[in-house]
There are 2 protein chains.
Amino acid sequence: MLTDQTEEAPSSALVDENVQVESFRQTRNSRRNELVEDYVELIADLITDGGEARQVDIVRRLGVAQPTVAKMLKRLASDGYIKQRPYRGIFLTAQGRKLARQSRERHQIVESFLCALGISAETARIDAEGMEHYASEETLLVFRDYLANRK
Amino acid sequence: MLTDQTEEAPSSALVDENVQVESFRQTRNSRRNELVEDYVELIADLITDGGEARQVDIVRRLGVAQPTVAKMLKRLASDGYIKQRPYRGIFLTAQGRKLARQSRERHQIVESFLCALGISAETARIDAEGMEHYASEETLLVFRDYLANRK
DNA sequence: GTTTTAACATAGCTATTGCTATATTATAGA
DNA sequence: TCTATAATATAGCAATAGCTATGTTAAAAC
Ligand SMILES: [Mn+2]
Ligand SMILES: [Mn+2]
Ligand SMILES: [Mn+2]
Ligand SMILES: [Mn+2]
């Protein structure tokens with residue numbers, strides 16, 4: 001009579017230890033890729049929109065200091081996501097384009113889903129910017145279905 | 001005739017610069033609180049469930065090395081979230097209890113919402129563990145409404 | 001063709017979050 | 001009570017992500 005546990009998350013009891021460890025592990029892993037994803041996604045958007053992505057454009061869009069971006073771009077280059085040509089802009093490698101495409105798609109799905117739920121465009125933008133990096137394939141599929149099946 | 005922009009996120013055009021900067025700023029800010037929130041939430045859960053939260057319990061639940069937890073607990077103590085009594089466990093301050101309650105509630109809403117959408121319990125757990133930290137009040141309200149208004 | 005300026009590079013600092021190795025100590029068992 | 005063990009503390013290292021200050025240089029302006 002009081003048991004209403006269909007499709008419900010547990011309300012306060014501790015979950016199984018191994019399950020929880022695995023959740024935290026995966027979350028730490030996703031967190032480690034957040035910045036890289038946002039950078040390549042932004043670079044791709046800048047190129048799509050204006051034909052080029054210079055360091056200074058990224059600085060303006062991210063709202064961080066220029067040396068912060070410079071350092072990150074070095075890392076992205078050494079990790080094989082981009083090629084830099086000073087004063088000529090940043091170029092994505094094949095690997096970079098692939099990650100950018102995936103990131104952009106995930107971002108778009110999450111943001112559109114939040115909008116479809118009735119959340120304001122500004123809030124959807126902000127929340128999606130963080131949440132996108134933690135949405136699994138299974139979740140993205142459900143979001144996509146939701147978007148497709150509303151009238 | 002081709003304009004179908006109701007409740008839709010833009011598909012690839014760059015958003016306004018100031019809007020984007022603000023999104024990234026807020027996201028960076030949320031990210032800075034992720035770990036603190038997970039720690040106090042976990043400590044509260046351990047206390048609720050077993051009466052005590054020792055360092056070694058947190059180590060086991062998070063899946064990180066013991067000195068990592070020891071260092072973080074020092075920070076939580078110096079930030080006023082907890083009191084430590086070695087071999088006696090971790091105790092939440094009023095400030096810690098407040099943050100724990102808020103974090104636990106957000107976590108629960110996000111996880112229940114994902115479950116309600118039909119996402120599997122395991123995936124919902126994992127995704128919620130990351131997404132919870134980026135869900136705004138507005139979004140939580142919509143999630144809550146969705147949970148309340150489904151038959 | 002100079003000169004100014006804006007873009008980029010580099011040095012050096014801090015804080016955060018992880019790790020391994022090792023020391024210390026409180027509790028539990030014999 | 002003594003001792004073994006498990007819990008905690010500490011030292012020291014690395015990677016990441018931010019900052020300010022300052023140097024260098026390519027492009028623009030004159
Ligand atoms: Mn993004
Ligand atoms: Mn993002
Ligand atoms: Mn949580
Ligand atoms: Mn979490």
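Every chain is numbered from 1, with letters handed out A, B, ... down the list of sequences.
Two residues are said to be in side-chain contact when any heavy atoms from C-beta on lie closer than 4.5 Å; B:Leu42 and A:Gln20 meet this criterion. With a 4.5 Å cut-off on side-chain heavy atoms, B:Thr139 and B:Phe113 do not count as touching.
Where DNA chain D meets chain A (any atom under 4.0 Å from a heavy atom), the bounding nucleotides read 5' to 3' are D:dT16 to D:dA27.
For the pair A:Thr48 (side chain) and A:Ala44 (backbone), a donor-acceptor distance under 3.5 Å is present. Of the possible polar contacts, one joining the A:Thr93 side chain to the A:Gly80 backbone as a donor-acceptor pair under 3.5 Å is found.
Of the listed residues (A:Glu41, A:Glu132, A:Glu37), just one forms a salt bridge (charged side-chain N to carboxylate O under 4.0 Å, His left out) with A:Arg106, and that residue is A:Glu37.
B:Arg54 places its CZ atom 16 Å from the P atom of C:dA26, with the value rounded to the nearest Å. Rounded to a whole Å, the CG atom of B:Leu76 is 15 Å from the C1' atom of C:dA15. We find that CG of A:Asp57 is positioned 15 Å from P of C:dA6, with the value rounded to whole Å. Going from atom OH of A:Tyr87 over to atom C1' of C:dA6 covers 8 Å, rounded to whole Å. Atom CG of A:Leu35 is separated from atom P of C:dT16 by 17 Å (rounded to the nearest Å). Remark: P of C:dT16 and OH of B:Tyr39 are 13 Å apart, rounded to the nearest angstrom.
With respect to A:Arg125 and B:Glu22, no salt bridge is recorded, no charged nitrogen being found less than 4.0 Å from a carboxylate O. Salt bridge absent: B:Arg88 and B:Glu52 never bring a charged side-chain N and a carboxylate O closer than 4.0 Å.
Mapping B:Val56 and A:Ala65 onto DNA chain D by nearest heavy atom places B:Val56 closer to the 5' end of the strand. Mapping B:Gln66 and A:Gly89 onto DNA chain C via the closest heavy atom, the residue that lands nearer the 5' end is A:Gly89.
Look at B:Lys71 and you won't find any side-chain N or O under 4.0 angstrom from OP1 or OP2 of C:dC19.
To the nearest 0.5 Å, atoms CG (A:Asp145) and CZ (A:Arg150) are separated by 12.5 Å.
The side chain of B:Pro67 sits closest to C:dA21 out of C:dT25, C:dA7, C:dA21.
Contacts between residues 17-34 of chain A and DNA chain C, counted as heavy-atom distances below 4.0 Å, involve A:Arg28, A:Arg31.
With ring centers used as reference points, A:Tyr81 lies 6.0 Å or more from A:Tyr39.
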